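Worksheet: the structure to be examined is printed underneath.
What you are looking at is a predicted structure, and each value in this text was computed from that prediction instead of being measured.
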2 protein chains.
Amino acid sequence: MATRAGLTTERLTRAGAELADEVGFDQVTVSELARRFDVKVASLYSHLKNSHDLRTRIALLALKELADRAADALAGRAGKDALTALANVYRDYAREHPGRYAAAQFRLGPEAAAASAGVRHAQMTRALLRGYDLTEPDQTHAVRLLGSVFHGYVSLEMGGGFSHSAPDTQDTWTRVLDALDALLRNWPEP
Amino acid sequence: MATRAGLTTERLTRAGAELADEVGFDQVTVSELARRFDVKVASLYSHLKNSHDLRTRIALLALKELADRAADALAGRAGKDALTALANVYRDYAREHPGRYAAAQFRLGPEAAAASAGVRHAQMTRALLRGYDLTEPDQTHAVRLLGSVFHGYVSLEMGGGFSHSAPDTQDTWTRVLDALDALLRNWPEP
DNA sequence: TGCATCTCCCTAAAGGCTTTAGGCAAATGG
DNA sequence: CCATTTGCCTAAAGCCTTTAGGGAGATGCA
């Protein structure tokens, strides 16, 4: 018959990420993936353990892409400049790749989590905070706060949580970053 | 045969919410629900339009429960006291009812969204902010910031995003609320 | 080049979830 | 007490996942 399709875990993962951006992360299906490669479903199971495995791989891909972008954005920046840059990386990535962004939120098992780029994310946020004057434990608190704001804002904005309200969300975003910068420069003692 | 099962959209929705808390919101299935009522699957379709309809109803239920709790918590409180109370409502609800909390994040259509308790949430946050001295547009920015932090924190904490790190997450939560209070009392002008 | 082997994709099949169509019996009420 | 309504059931089709086993390309060595 025809020549082979050239399936690969790599290619399948990338195609899965694109599929996620098109139809949503939780609509990613092994069947649809097979259809796109014009191949029978069972064929994918030589390259993927199962559906969950596919999702995990997409998640890892997204986390890596995000970390790479973040590293890029932080290079040569400090203080509020760095804060804004990092924040925009997350927001822009979510807008450009909603499915991948959702994938990055996928609950990973301990093994996968350890092998993921998740660690780099925390490290970069911590690096950014060196531009502010925080004690060690406060740095951790701040890392978590920033993570929460970035993720929470992006997630609500994309979910339509801010729709139909008066001020532009871009406006709010700017002011929120101003506020965070002010807060970090003036971190309250208990 | 035996007597009727007494199915109701109401009862199905409540059972669906419990099911969500047990197995996760996205594992909620019409089939499993039927099993729990010891009834054939097709029978549920007289009470539910479809699977999506079920999820929507669970989401509306969760939003209402959350709003009710929030209203309760805010009664008679102001300032930081109110801020803490509201924040804890979200966090505690998510811990007690993870499936419902996930449901509350379910993307609703415009119709359902309008009929939801989502509006009350925004109103209560706005009410809470009256204890601080913010101009009108800044109030909206602050509403969005608080929403982002609450949702983002709870979501990351529950997703295990803060696991294995040194300081206790309760510790961080307290300090984050301190920080937000300080920020709101000292909101920066552009 | 020819053949053995390995790799890759396919056929087949079982099991689960969703959703629609149509039927019979239990509840309701006049 | 019977007529009608209502509620749950059987049947069936469609789609997704996952496993088992087979045949035909691709590869490499003689």
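- Within residues 40-58 of chain A, the residues approaching DNA chain D are V41(A), A42(A), Y45(A), N50(A), S51(A), by heavy-atom distance under 4.0 Å.
- Scanning for ring pair (Phe, Tyr, Trp, His ring centres under 6.0 Å) contacts around W173(A) gives Y153(A), with sequence neighbours left out.
- Residue pairs meeting the ring pair (Phe, Tyr, Trp, His ring centres under 6.0 Å) criterion with at least one member in residues 56-78 of chain B: none, sequence neighbours excluded.
- For K64(B), the salt bridge (charged side-chain N to carboxylate O under 4.0 Å, His left out) criterion is met by D68(B), not counting sequence neighbours.
- Here the P atom of nucleotide dA27(C) and the CZ atom of R4(B) are 6 Å apart, to the nearest Å.
- Salt-bridge check for R91(B) with E157(B): passed, with a basic side-chain N closer than 4.0 Å to an acidic carboxylate O.
- Rounded to an integer number of Å, the gap from CZ of F37(B) to P of dC9(D) is 13 Å.
- Distance, L12(B) CG to dG7(D) P: 12 Å, rounded to whole Å.
- Residues satisfying the ring pair (Phe, Tyr, Trp, His ring centres under 6.0 Å) test with H121(A), not counting sequence neighbours, are Y90(A).
- For the salt bridge (charged side-chain N to carboxylate O under 4.0 Å, His left out) test, residues two or more places apart in sequence or in another chain that qualify with R185(A) are D181(A).
- Residues from residues 16-31 of chain A lying near DNA chain D, meaning a heavy-atom separation below 4.0 Å, are T29(A), V30(A), S31(A) in numerical order.
- Applying the ring pair (Phe, Tyr, Trp, His ring centres under 6.0 Å) test to pairs two or more places apart or on separate chains, those with a residue in residues 12-48 of chain A are F25(A)-F106(A).
- Partners of D26(A) under the salt bridge (charged side-chain N to carboxylate O under 4.0 Å, His left out) rule, at least two apart in sequence or in another chain, do not exist in this structure.
- Applying the salt bridge (Lys or Arg N to Asp or Glu O under 4.0 Å) test to residues at least two apart or on different chains, the pairs with a partner in residues 98-108 of chain B are D21(B)-R100(B), E65(B)-R100(B).
- The distance from atom CG of L33(B) to atom P of dT19(C) is 13 Å, rounded to the nearest whole Å.
- With sequence neighbours left out, the salt bridge (charged side-chain N to carboxylate O under 4.0 Å, His left out) criterion links R55(A) to no other residue.
- The end-to-end axis angle of the helix from dT1(C)-dA30(D) to dG30(C)-dC1(D), rounded to 10 degrees and based on five pairs per end, is 0°.
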